[in-house]
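Heads up: the structure comes next, in structure tokens.
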Amino acid sequence: MKSLDLYLASLSEEEIKGLQSYMQVNDFVNSELMSFDIYLQKFHQLGTEIQRNKDIEVIKEMSQQYNWTNDLDSIFKGNSFEALVLTDLSKKIVWVNSGFTEMTGYSKKFALNKTPNFLQGERTSKETRERIRQKLLMGTPFKEVIINHRKDKSTYKCEVKIFPLKSETTTHFLALEKIAL
């Protein structure tokens, strides 16, 4: 960690000022290692935002392919997510983002052509599964929290927001998922 201090000490005032906008620290010159943590946090947030935008672009490209009439911008604008899961009408997974793998431990390849049921296990409530089935039949967006099981068998509470994607009729379902606290 001392090497970072040496690096920061080797910078000119002009170089430090150039970094301040990234660091968002007013007293950068007087801050020590803590400033690097702030930089890393900002860097991580930027990377997450870039990946989120890429994921949204994939869904928008599919929207053109399937002629969905949904306002995808409004879906994504008001909703955070870690994982995206796109299923067809038979509820088979046709696409997942990288966040799905991070959340569940299952690879994208493994998930394709399976229903999300493989994430359910002994701690998954039958009542919640039934509510989800009924809401899917209604064809309107909804939110549920379900206990899912990762590949390593650990459990997590998953907040799922499901949106039916429609052209003339519903053709797919998009699930925005995140760990529920």
Side-chain angles (χ1 to χ4, degrees), residues 24 37-63 66 68-166 170-181:
Q24 295 184 340
D37 293 337
I38 294 168
Y39 175 78
L40 285 178
Q41 181 180 5
K42 180 70 172 176
F43 185 77
H44 176 73
Q45 289 171 344
L46 187 60
T48 301
E49 187 177 326
I50 290 169
Q51 187 58 54
R52 175 185 166 88
N53 290 337
K54 285 181 181 179
D55 293 339
I56 291 170
E57 278 306 309
V58 169
I59 297 297
K60 286 182 175 182
E61 288 171 12
M62 289 182 185
S63 177
Y66 292 105
W68 295 327
T69 57
N70 302 72
D71 181 0
L72 294 175
D73 288 329
S74 68
I75 289 173
F76 288 114
K77 183 179 181 183
N79 294 297
S80 61
F81 62 86
E82 295 170 45
L84 292 176
V85 179
L86 183 68
T87 62
D88 62 15
L89 280 181
S90 64
K91 296 162 196 76
K92 292 210 170 152
I93 296 172
V94 296
W95 181 83
V96 296
N97 70 344
S98 298
F100 174 85
T101 298
E102 291 172 27
M103 182 183 289
T104 67
Y106 289 101
S107 70
K108 292 178 180 186
K109 185 176 180 179
F110 179 85
L112 292 180
N113 296 313
K114 291 180 175 55
T115 66
N117 292 345
F118 73 90
L119 297 169
Q120 299 167 6
E122 64 183 47
R123 297 222 25 232
T124 306
S125 162
K126 291 179 184 174
E127 292 82 11
T128 303
R129 290 194 314 223
E130 184 56 33
R131 273 196 316 271
I132 291 172
R133 270 193 281 280
Q134 292 302 316
K135 289 177 179 180
L136 287 171
L137 291 172
M138 292 172 53
T140 57
F142 66 91
K143 177 177 98 170
E144 276 290 340
V145 175
I146 187 167
I147 295 178
N148 279 341
H149 294 70
R150 294 182 180 93
K151 185 177 181 181
D152 69 3
K153 307 295 184 218
S154 65
T155 60
Y156 63 100
K157 284 185 179 179
C158 184
E159 179 185 285
V160 183
K161 292 183 181 179
I162 298 180
F163 298 86
L165 300 176
K166 302 176 180 193
T170 300
T171 63
H172 292 81
F173 295 98
L174 176 63
L176 282 65
E177 302 183 358
K178 64 182 179 180
I179 303 291
L181 301 177

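The structure presented is a predicted model; accordingly, all values stated were derived computationally and were not measured.
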According to the ring pair (Phe, Tyr, Trp, His ring centres under 6.0 Å) rule, which pairs have a member within residues 144-164, sequence neighbours left out?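 Qualifying pairs: none.
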
Which ring pair (Phe, Tyr, Trp, His ring centres under 6.0 Å) pairs, counting each pair once, include a residue from residues 82-126, with sequence neighbours left out?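 Found Y106-F110, Y106-F118, F110-F118.
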
When rounded to the nearest 0.5 angstrom, what distance separates [atom1] in [X] from [atom2] in [Y]?
| X | Y | atom1 | atom2 | value |
| --- | --- | --- | --- | --- |
| K77 | D71 | NZ | CG | 10.0 Å |
| I56 | S63 | CD1 | OG | 12.5 Å |
| K54 | S98 | NZ | OG | 9.5 Å |

Any residue meeting side chain to side chain donor-acceptor pair (under 3.5 Å) with N53, in chain and number order, not counting sequence neighbours: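 In terms of side chain to side chain donor-acceptor pair (under 3.5 Å), with neighbours along the sequence ignored, N53 is linked to no residue.
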
Restricting to side chain to side chain donor-acceptor pair (under 3.5 Å), what partner residues turn up for T155, sequence neighbours left out?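 T155: side chain to side chain donor-acceptor pair (under 3.5 Å) contacts with R123.
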
Donor-acceptor pair, side chain of [X] and main chain of [Y], under 3.5 angstrom:
| X | Y | result |
| --- | --- | --- |
| T124 | I147 | yes |
| D88 | I93 | no |
| N97 | L84 | yes |
| T170 | L165 | no |

Can you confirm whether more than 12 heavy atoms, excluding those of Q45, are under 6.0 Å from its CD atom?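 Yes, CD of Q45 has more than 12 neighbouring heavy atoms, counting only those of other groups under 6.0 Å.
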
Looking at K151, I'd like to know if its NZ atom is crowded, meaning that more than 12 non-hydrogen atoms belonging to other residues, nucleotides or ligands lie closer than 6.0 Å.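 Not more than 12 within 6.0 Å, no.
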
Any side-chain heavy-atom pair from [X] and [Y] closer than 4.5 angstrom?
| X | Y | value |
| --- | --- | --- |
| V160 | L176 | no |
| L46 | T48 | no |
| L112 | V94 | no |
| F76 | I59 | yes |
| Q120 | I146 | yes |
| E177 | E159 | no |

Between G121 and R129, what is the shortest heavy-atom contact and its length?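 Looking at all heavy atoms of both residues, the closest pair is O-NH1, 4.4 Å.
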
Heavy-atom pair with the smallest gap, counting every atom of I75 and N79: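 So the minimum-distance heavy-atom pair works out to O-ND2, 2.7 Å.
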
What verdict does the side chain to side chain contact (heavy atoms under 4.5 Å, CB included) test give for L181 and K157, after you've listed the backbone C-alpha separation in whole Å, the side-chain angles of each residue and the deciding distance to 0.1 Å? CA-CA 7 Å; L181 301 177; K157 284 185 179 179; over 6 Å; no

Take N70 and K166 through the side chain to side chain contact (heavy atoms under 4.5 Å, CB included) test and state the conclusion after the steps. CA-CA 6 Å; N70 302 72; K166 302 176 180 193; 4.2 Å; yes

Determine, stepwise, if the pair S80 / K178 fulfils side chain to side chain donor-acceptor pair (under 3.5 Å). CA-CA 8 Å; S80 61; K178 64 182 179 180; 2.8 Å; yes

Pairing donors with acceptors under 3.5 angstrom, does anything connect the side chains of N113 and K92?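 Distance-only check fails for N113 and K92.
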
In a table with atom names and distances, give each donor-acceptor pair under 3.5 Å that connects a side chain of residues 134-145 to protein atoms at least two apart or in another chain.
residue	atom	partner	partner atom	Å
Q134	NE2	E130	OE2	2.8
K135	NZ	E144	OE2	2.8
E144	OE1	R131	NE	3.4
E144	OE1	R131	NH2	3.1
E144	OE2	R131	NE	2.9

Checking H172 now: which residues fulfil ring pair (Phe, Tyr, Trp, His ring centres under 6.0 Å) with it, not counting sequence neighbours?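 For H172, the residues satisfying ring pair (Phe, Tyr, Trp, His ring centres under 6.0 Å) (neighbours in sequence not counted) are Y66, W68.
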
